[in-house]
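Only one structure is covered here, and it is reproduced in the block below.
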Amino acid sequence: MELGALRRRFMGSIRARGSRAKVLPASLDGFGWCTWDAFYSTVSARGLAEGLSSLEDGGVSPQLLIIDDGWQVTPVQAGWELRGTDTAPDTVWLPACPVVELAVAVREGTEARGVSWFRWVGRGSPGGCWRPPSSAIAIWLARASQKVAGWLMGLATAGFLIFYQWVVEPAPPNSLAVRAFAAAAKGFLRPAMLSFYATASDFTRRLTSVRANGKFSHPDAGPDTDWAGSQEALGTVVAHIKRKFGVRYVYCWHGLPGYWAGVMPTDDGAAGGGAQVPGLTSHVRYAAPTRGVLEIEPSMAWNPAVLAGIGVVDDPNRLYDAMHRYLHDCGVDGVKVDCQAGVGLIGSSMGGGAALSATYQGALEGSVARHFPGNHVINCMCHSTENVYRMTATAVARASDDFYPRDPASSHPHIAACAFNSLFLGALLQPDWDMFHSKHPAARLHAAARAVSGGPVYVSDKPGEHDFSVLHSLVLPDGSVLRCTQPGRPTRDCLFVDVLRDGKSLLKVWNSNPVTGVVGVFHLQGSSWDRTRRKFHVHDKAPKPLSTEVRPYDVDSFRPPSTGTPSPTPVTPREFVVFSRGTAVMTLLHGNEGIQVSLHSGEADVLSVARITRVGPVAIAVLGLSNMINGGGAVRELSHESSTGAAAGSIRTGAASSPFGFGAKELVFTTTIRGHGDLLAYCSREPDVVLLNGARLQPE
């Protein structure tokens with residue numbers, strides 16, 4: 001048994017992409033819509049219908065729907081907010097300041113919720129019940145104190161943010177500023193930090209049920225209705241969506257630990273402990289980032305997992321089995337599993353991050369195999385080796401950090417990271433270059449990148465905010481996409497150049513289709529990741545136009561195999577036709593010959609490369625559909641037949657002797673095309689006749 005097989009057998013480590021165990025989910029070949037940037041955590045059943053209907057109105061029918069974060073039951077546990085559980089609907093979590101406690105209690109009790117009493121919990125809890133005073137003066141004083149406290153808090157917050165942005169954030173790892181802030185965050189600033197995380201993000205929320213929340217209680221349920229006590233009906237919603245919009249695959253998002261802050265603990269008898277899964281126990285564990293992590297990102301020393309902890313379950317098999325069985329029974333076809341690398345950080349405080357990651361990853365893979373036939377899972381935020389190397393069967397993983405629609409400096413680094421990360425990930429998994437927005441300043445750049453990536457193509461457009469010219473260049477009328485056959489990777493001449501910062505290099509990404517090849521060219525100079533400030537930034541506001549050469553042999557699968565020794569006889573150079581989508585120019589080239597591609601900053605060009613098939617004096621190449629970015633992906637097959645006599649249904653030349661110079665009286669080329677639009681092809685002589693699905697086309 002070879003070494004790799006032995007390692008997989010005894011260690012349960014990863015298999016290569018393309019192995020029999022790594023089945024690519026069929027959803028990759030369908031266009032998708034994800035709810036994340038469209039709704040964030042306010043996603044609801046009504047929102048699903050609004051988004052799909054908006055796309056359908058423009059002639060785009062997604063085959064894949066990803067219901068992202070927001071469908072689960074995840075009340076806040078840290079900071080102060082209404083907990084929103086059925087057992088204690090009026091419970092409020094408050095910081096320890098008495099003035100703020102009084103002001104918030106009056107505001108929430110008399111205006112927002114309309115209830116007359118509260119149960120106090122958390123730090124500084126006076127215990128028992130409290131009733132707002134009936135005196136108008138007392139209420140006026142409470143509201144006045146609230147305003148004063150708000151002004152003071154606003155000033156303090158502004159000062160704090162300025163100090164953090166200009167002193168702490170740019171400070172080197174392990175510097176005095178970083179160490180002092182880390183100590184403060186874990187000390188006297190901890191209540192304020194937890195309150196901030198609770199009100200500004202979802203990172204301190206814990207899972208209290210594996211079932212959907214009330215925003216999915218019926219197909220018209222929305223976030224603006226009072227759904228707190230509603231009975232969920234996710235199965236009804238999913239069936240309605242599939243029936244009305246023809247969606248073939250529905251995925252639901254969840255975190256590897258259940259949710260961002262894990263599962264509600266069972267230690268203190270809190271409502272929703274163990275996500276209400278029978279026999280499941282959960283305990284809060286606090287992350288302990290390693291030195292290497294802190295050198296790259298010092299703020300990990302005070303992130304939510306460190307300050308609020310993660311609810312770690314004792315048996316993730318039980319958690320995933322309950323959640324995935326429920327989703328499967330609701331008609332859900334797969335899952336997108338996020339925040340995977342964070343499990344390793346928790347494990348580092350429990351004796352070993354790799355061991356805990358292996359436990360969770362193994363449980364996930366087993367549950368997906370049982371409940372989602374076809375390997376329908378997307379791994380996300382999973383680049384830690386303890387995650388990646390445990391993906392023995394799942395076949396798709398995000399290639400980079402998120403697409404950030406409101407950060408103009410992030411688009412160029414995002415595409416570069418996806419391309420270069422695919423060098424490594426592409427040997428093990430199918431990289432996913434993430435969703436994007438079709439109506440965005442960088443939409444065409446991102447669309448070109450997704451078209452050559454070989455991964456899923458999906459957007460997160462808000463309803464009514466679409467550029468259908470972009471979408472129709474990616475999506476066929478049936479909702480499918482022309483996906484490349486391999487992971488998109490940088491061409492050989494781009495491997496050791498800085499396509500973001502050197503001011504002279506363009507990124508080239510190659511890929512293959514069933515018959516053709518494709519090369520995407522991207523001008524990404526001008527913005528990058530600032531390692532000092534640890535954020536995306538624009539370092540050149542006006543990058544100059546750049547040019548590069550594209551050769552047919554940039555498509556690695558077209559390169560002749562190398563034997564390592566010089567050939568004793570000259571090798572006949574292969575012939576190709578290259579079509580530039582940007583210039584609409586078709587060029588005949590040998591493999592190592594090139595054409596110039598020139599781009600301005602933020603522009604992209606996609607070039608289809610087709611090998612010429614030569615039969616006698618006749619040469620032909622089919623390039624694909626000119627209206628699609630990866631038009632060459634439409635060409636599924638190309639074959640030819642020749643004969644000395646007229647076969648049934650063949651095309652006659654009408655000549656008594658062979659016009660082809662090798663005894664054939666007729667020569668028939670047959671190509672299979674998927675999609676519709678203008679078909680580009682090169683032929684060295686004009687065909688006598690062209691048939692489409694057996695019907696003769698007119699000479700013109």
Side-chain angles (χ1 to χ4, degrees), residues 17-18 22-32 63-64 378 395-400 415 418-436 444-458 470-471 473-476 479-492 494 507-522 550 552-559 576 578-581 604-611 621-638 672-675 677 680:
R17 178 185 58 84
K22 292 235 168 183
V23 178
L24 288 179
S27 60
L28 295 186
D29 293 316
F31 172 68
Q63 291 188 0
L64 169 66
I378 298 174
V396 182
R398 277 273 302 280
S400 74
I415 294 171
C418 286
F420 283 96
N421 286 348
S422 293
L423 273 173
F424 169 65
L425 291 176
L428 307 174
L429 302 131
Q430 176 58 60
D432 167 10
W433 290 28
D434 200 18
M435 66 194 93
F436 70 104
R444 295 185 183 276
L445 186 73
H446 281 284
R450 303 313 186 273
V452 301
S453 73
V457 178
Y458 56 116
V470 170
L471 294 177
S473 68
L474 290 168
V475 189
L476 297 176
S480 63
V481 297
L482 299 174
R483 190 174 64 84
C484 297
T485 58
Q486 299 189 50
R489 286 160 286 190
T491 58
R492 296 187 180 204
C494 288
L507 171 66
K508 294 190 293 181
V509 176
W510 74 273
N511 213 322
S512 299
N513 293 306
V515 174
T516 67
V518 63
V519 179
V521 187
F522 305 88
V550 174
Y553 283 168
D554 282 337
V555 180
D556 237 46
S557 55
F558 284 161
R559 299 175 70 92
F576 297 86
V578 177
F579 175 76
S580 164
R581 179 175 168 83
D605 192 7
V606 176
L607 297 95
S608 295
V609 184
R611 185 182 298 163
V622 183
L623 287 151
L625 300 176
S626 63
N627 53 303
M628 306 298 289
I629 297 178
N630 180 32
V635 186
R636 315 308 288 181
E637 187 179 5
L638 175 63
T672 302
I673 305 296
R674 181 164 161 258
L680 289 172

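The shown structure was predicted, so the numbers you read here are calculated from the model rather than taken from an experiment.
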Check your understanding: Can you tell which of Arg492, Arg489, Lys508 makes a salt bridge (Lys or Arg N to Asp or Glu O under 4.0 Å) with Asp554?
Key -> Lys508
Check your understanding: Is there a side-chain contact between Arg398 and Asp434, using heavy atoms and a 4.5 Å cut-off?
Key -> yes
Exercise for review: Please examine the side chains of Leu64 and Pro456, heavy atoms only from C-beta on, and report whether any two atoms are closer than 4.5 Å.
Suggested key: no
Point to revise | Atom of Leu445, atom of Ala604 and distance for their closest heavy-atom approach | key: CD1-CB, 3.9 Å
Check your understanding: If you take all heavy atoms of Arg483 and Gln430, which pair is closest and at what distance?
Key -> NH1-OE1, 4.1 Å
**Study point:** Heavy-atom side-chain contact between Phe522 and Val452 under 4.5 Å
**Key:** yes
Review point. Out of curiosity, Arg581 CZ to Asn630 CG, how far, rounded to the nearest 0.5 Å?
Key: 10.0 Å
Study note, to complete from the structure: Smallest heavy-atom separation, Pro552 atom then Val578 atom, equals CG-CG2, 4.1 Å
Point to revise | Pairwise side-chain contact, Trp510 with Val609, heavy-atom cut-off 4.5 Å (strictly under) | key: no
**Study point:** Separation between CZ of Phe579 and OG1 of Thr516, rounded to the nearest 0.5 Å
**Key:** 12.5 Å
Check your understanding: Looking at side-chain heavy atoms only, is the closest gap between Ile629 and Ser473 below 4.5 Å?
Key -> yes
**Study point:** Considering all heavy atoms, the nearest Ser608-Gly632 contact
**Key:** OG-N, 3.8 Å
Study note, to complete from the structure: Here the gap from Leu638 atom CG to Arg611 atom CZ, rounded to the nearest 0.5 Å, amounts to 11.0 Å
Point to revise | Rounded distance [0.5 Å steps], CG in Leu482 versus CE in Met628 | key: 4.5 Å
**Study point:** Min side-chain heavy-atom separation Thr491-Val509 under 4.5 Å
**Key:** no
Review point. Does a side-chain heavy-atom distance below 4.5 Å link Lys22 with Leu429?
Key: yes
Exercise for review: State, to 0.1 Å, how close Leu623 and Ala610 come at their nearest heavy-atom pair, and which atoms those are.
Suggested key: CD2-CB, 3.7 Å
Review point. How are the rings of Tyr553 and Phe576 set to each other: parallel, tilted or perpendicular (split at 30° and 60°)?
Key: perpendicular
**Study point:** Thr485 OG1 to Asn513 CG distance, which is reported to the nearest 0.5 Å
**Key:** 6.0 Å
**Study point:** Residue pair Ser580 / Asp605, side-chain donor-acceptor N/O under 3.5 Å
**Key:** yes
Review point. Considering all heavy atoms of both residues, which atom of Pro25 and which atom of Val396 are nearest to each other, and what is their separation?
Key: CD-CG2, 3.7 Å
**Study point:** Heavy-atom check, side chain of Val519 versus side chain of Val555, under 4.5 Å
**Key:** yes
Review point. To the nearest 0.5 Å, how far apart are CZ in Arg17 and CG in Leu425?
Key: 11.0 Å
